[in-house]
Amino acid sequence: MLDIKLIREQPDLVRTRLASRHGGDEKAIDTILELDEQRRKLLAEVEQLKAQRNRVSKEIGALMGQKKLEEAEARKQETREIGDRIGELDKRVAEAEQKRDDLLVRLPNLPHESVKFGASAEDNVEVRVWGEKPAFSFQPKNHIELCESLKLVDFARAAKISGSGFLLYTNFGARLERALIQFLLDLHTNQHGYTEVSPPFLVTRDCMLGVGQFPKFADQYYGVQEGLDASTLGKLYLIPTAETPVANIHREEILSEKQLPVRYCGYTPCFRGEAGAAGVGTRGMIRVHQFDKVELIKIVKPEDGYSELEAMVANAEKVLQLLGLHYRVLLLCTGDMGFASAKTYDIEVWAPGQNQYLEVSSCSNCEDFQARRMNLRFKDESGENRFPHILNGSGTALARLYVALLETCQQADGSIAIPPALQPYFKADSIRP
RNA sequence: GGAGAGAUGGCUGAGUGGUUUAAGGCACACGCCUGGAAAGCGUGCGUAGCUAAACACUACCGAGGGUUCGAAUCCCUCUCUCUCCGCCA
């Protein structure tokens, strides 16, 4: 959520930055300011009345104490009317506030000043490239062919069980998935200083609101119902990413400055309905309703936000380097960033069988946008409560990593050569037909 | 799912309609005292709104409603925690 004070004091700045995202959100600013003005006017009025009521009530108490009942009764008459007006005004304040906040929670974050203006993915900036596209002396297969020939994933039966967009890993395919998860968690906890967490996969709507998935994108996620009790529908949601539970771990808390930086990593499955998206249509593993991901989350002092973001990107890149996978890092332009982010780097890994790069990681600094929504603060050395920066990054998403790994590491004989870094986890150096 | 007990500031813990403006204790910070420390004494010490800022004012005792001139306190609904029982991996 944007700071209402910033909108009040620098509306033009806010409008310009919002406009740079090409979402049309800047149009809401005037209405927000009107509602805010209305609310503050009413608030001043009602608070004055409340002060008066408190004063008189205290006097009534004193009169009752002195047994001057008649006088007390007279004062009661006098203030009875004030109570009614307070009730009326309180309601109007709440209404204005509600309307203002409904608009406010739908505004995306302001892009950081280092982010390039642009309308779409076309305008993203390639920051760096690592490795090269592998050259094959044979006709390489795509991951679907490899999964089928090596019996790593049973696409047909997954569809039978759950419908399209789900995966059934089998035998060595399942082991490879597990090995990757373990490898990623060990890397980030042992080498990169993150603390491992294993969070719930179902969260409340407050958590969805806290990181910015709600209310604007509520149609993209799975809500669940308990048993046959329809009244429970919408209390809990399947997490679309570990960011949702993990970034919310300290919601509504005041951390001490000494606790920062907080760095968490955690593995979870991720569930995405993505209703209205172009369609899960893509065959294979690239766009699915459920995939595994190891997520990185940081809660840091605002002054450290951007250096921590660079470090986080490097942590995610390390994964691909150790696996020997060619990738590139993009700095997203204003028009292509996610709702909560002020600055985002995407890491795209090369998938030879697709002949394209696949997004496997997105690392963002959301600044205080999420902290404000979840009321997470830290007390600095001077005793002041401030909002920290919250960062999230995939470290990395699994299904697409799996695709790139299979397609990159395939051999002429149809086998997969497991990268050395992964062998201790996979407990073999290859997968053979 | 059944029965019972609870939810008050960083922690602990009093408060059953009116000097509660939330007591007391612990912790913390500063000062006095001391050669230095401890103890002792004194002062301060929740969150937010409003304000250019300060004062003042307002709100907040799990959440939301209600009764009242006035609610931490009374009434209703909900949430969560704990204990026991049942079911369950």
Side-chain angles (χ1 to χ4, degrees), chain A residues 1-11 32-33 35-101 104 198 200-210 224-237 245 248-260 368 371-388:
Chain A
M1 189 151 62
L2 298 181
D3 187 354
I4 184 67
K5 280 186 191 156
L6 180 70
I7 299 178
R8 253 181 234 152
E9 286 159 18
Q10 302 188 59
I32 289 173
L33 284 172
L35 289 165
D36 182 55
E37 181 63 31
Q38 210 179 90
R39 187 192 82 98
R40 286 196 294 164
K41 240 173 107 180
L42 293 167
L43 195 62
E45 202 179 326
V46 73
E47 285 191 354
Q48 210 167 1
L49 286 175
K50 283 180 180 174
Q52 192 184 340
R53 180 182 70 183
N54 288 347
R55 215 163 35 236
V56 176
S57 290
K58 213 169 279 180
E59 286 169 20
I60 292 172
L63 289 171
M64 304 272 279
Q66 296 161 34
K67 300 251 193 282
K68 297 180 178 167
L69 297 183
E70 261 176 46
E71 269 181 69
E73 210 47 50
R75 312 291 323 247
K76 279 191 197 179
Q77 281 300 340
E78 195 182 303
T79 48
R80 201 157 278 148
E81 198 184 311
I82 296 178
D84 294 342
R85 287 185 60 202
I86 287 173
E88 175 63 23
L89 285 171
D90 265 345
K91 214 192 277 176
R92 289 173 61 194
V93 170
E95 271 168 22
E97 187 170 301
Q98 177 80 51
K99 281 187 199 162
R100 181 195 71 178
D101 290 348
L104 215 45
S198 178
F201 302 162
L202 294 172
V203 295
T204 61
R205 86 178 277 113
D206 283 343
C207 289
M208 300 290 281
L209 261 165
V224 301
Q225 166 177 312
E226 194 180 329
L228 299 175
D229 182 357
S231 72
T232 60
L233 180 62
K235 284 191 172 172
L236 291 173
Y237 295 84
N248 275 291
I249 286 175
H250 297 289
R251 61 174 297 120
E252 291 154 51
E253 292 182 22
I254 300 176
L255 303 173
S256 72
E257 185 168 343
K258 280 179 299 208
Q259 286 173 267
L260 303 182
D368 58 9
R372 190 171 269 116
R373 285 173 164 247
M374 59 178 79
N375 202 21
L376 162 59
R377 289 160 293 171
F378 74 99
K379 196 178 279 295
D380 71 12
E381 277 175 1
S382 68
E384 198 190 338
N385 291 330
R386 295 163 64 198
F387 292 108

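A note on names: the letters A, B, ... follow the listed sequences, proteins ahead of strands, and every chain is numbered from 1.
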pair Asn248(A)-Val203(A): side-chain heavy atoms closer than 4.5 Å: no

Separation between the P atoms of A5(B) and A54(B), rounded to whole Å: 47 Å

From Leu255(A) atom CG to Leu376(A) atom CG, the distance as rounded to the nearest 0.5 Å: 5.5 Å

Results of salt bridge (charged side-chain N to carboxylate O under 4.0 Å, His left out) for Asp90(A) - residues two or more places apart only: Lys50(A)

Under 3.5 Å donor-acceptor pairs involving side-chain atoms of residues 91-101 of chain A, not counting sequence neighbours:
from: Glu97(A); atom 1: OE1; to: Arg39(A); atom 2: NH1; distance (Å): 2.8
from: Gln98(A); atom 1: NE2; to: Asp102(A); atom 2: OD1; distance (Å): 3.2
from: Arg100(A); atom 1: NH1; to: Asp36(A); atom 2: OD1; distance (Å): 2.8

Set of salt bridge (charged side-chain N to carboxylate O under 4.0 Å, His left out) partners for Glu37(A), sequence neighbours left out: Arg40(A)

A71(B) and U21(B), which share atom name C1', separated by this distance in whole Å: 16 Å

Over 12 non-hydrogen atoms of neighbours within 6.0 angstrom of CD in Gln48(A): no

Pairwise P distance for A72(B) and U58(B), with rounding to whole Å: 13 Å

Sugar-phosphate only, base, or nothing, as touched by Arg8(A) at under 4.0 Å among non-hydrogen atoms: sugar-phosphate

Covered region of RNA chain B, 5' end to 3' end, by chain A [heavy atoms, under 4.0 Å]: G18(B) to G70(B)

Sugar-phosphate, base or nothing in reach of Thr79(A), heavy atoms under 4.0 Å: sugar-phosphate

C1' spacing across the pair A27(B) / G62(B), given as an integer number of angstrom: 24 Å

Inter-nucleotide P distance (C84(B), C69(B)), Å rounded: 47 Å

Pairwise P distance for G44(B) and G25(B), with rounding to whole Å: 13 Å

Under the 3.5 Å Watson-Crick or G-U criterion, the dot-bracket string of RNA chain B, with | for inter-strand pairs: ((((((((.[[[..)..(.....]]].(((((.......))))).((((.......)))).[[[[[..)....]]]]])))))))....

Heavy atoms from other residues, nucleotides or ligands near CZ of Arg80(A) exceed 12 (cutoff 6.0 Å): yes

RNA chain B-proximal residues of residues 88-99 of chain A, any heavy atom under 4.0 Å: none

Sugar-phosphate only, base, or nothing, as touched by Arg80(A) at under 4.0 Å among non-hydrogen atoms: sugar-phosphate

Single hit among Leu49(A), Leu43(A), Asp84(A) for side-chain contact (heavy atoms from CB on, under 4.5 Å) with Leu89(A): Leu49(A)

Sugar-phosphate only, base, or nothing, as touched by Arg39(A) at under 4.0 Å among non-hydrogen atoms: sugar-phosphate

Touch class at under 4.0 angstrom, heavy-atom based, for Lys41(A) against every strand present: nothing

Upstream residue (5' side of RNA chain B) when Arg40(A) and Gln77(A) are each assigned their closest nucleotide: Arg40(A)

Along RNA chain B (nearest heavy atom to each residue), the more 5'-positioned of Ala44(A) and Ile254(A): Ile254(A)

Whole-angstrom distance between C85(B) and C78(B), as gauged at atom C1': 24 Å

Nearest-angstrom distance, C1' atom, G65(B) to C55(B): 35 Å

Any side-chain heavy-atom pair of Ile32(A) and Ile4(A) under 4.5 Å: yes

Minimum side-chain heavy-atom gap Asn375(A)-Arg251(A) below 4.5 Å: no

Side-chain heavy-atom pair Tyr237(A), Thr204(A) within 4.5 angstrom cut-off: no

Touch class at under 4.0 angstrom, heavy-atom based, for Leu43(A) against every strand present: sugar-phosphate

Atom pair CG/CD of Asp380(A) and Glu257(A) - distance to nearest 0.5 Å: 5.5 Å

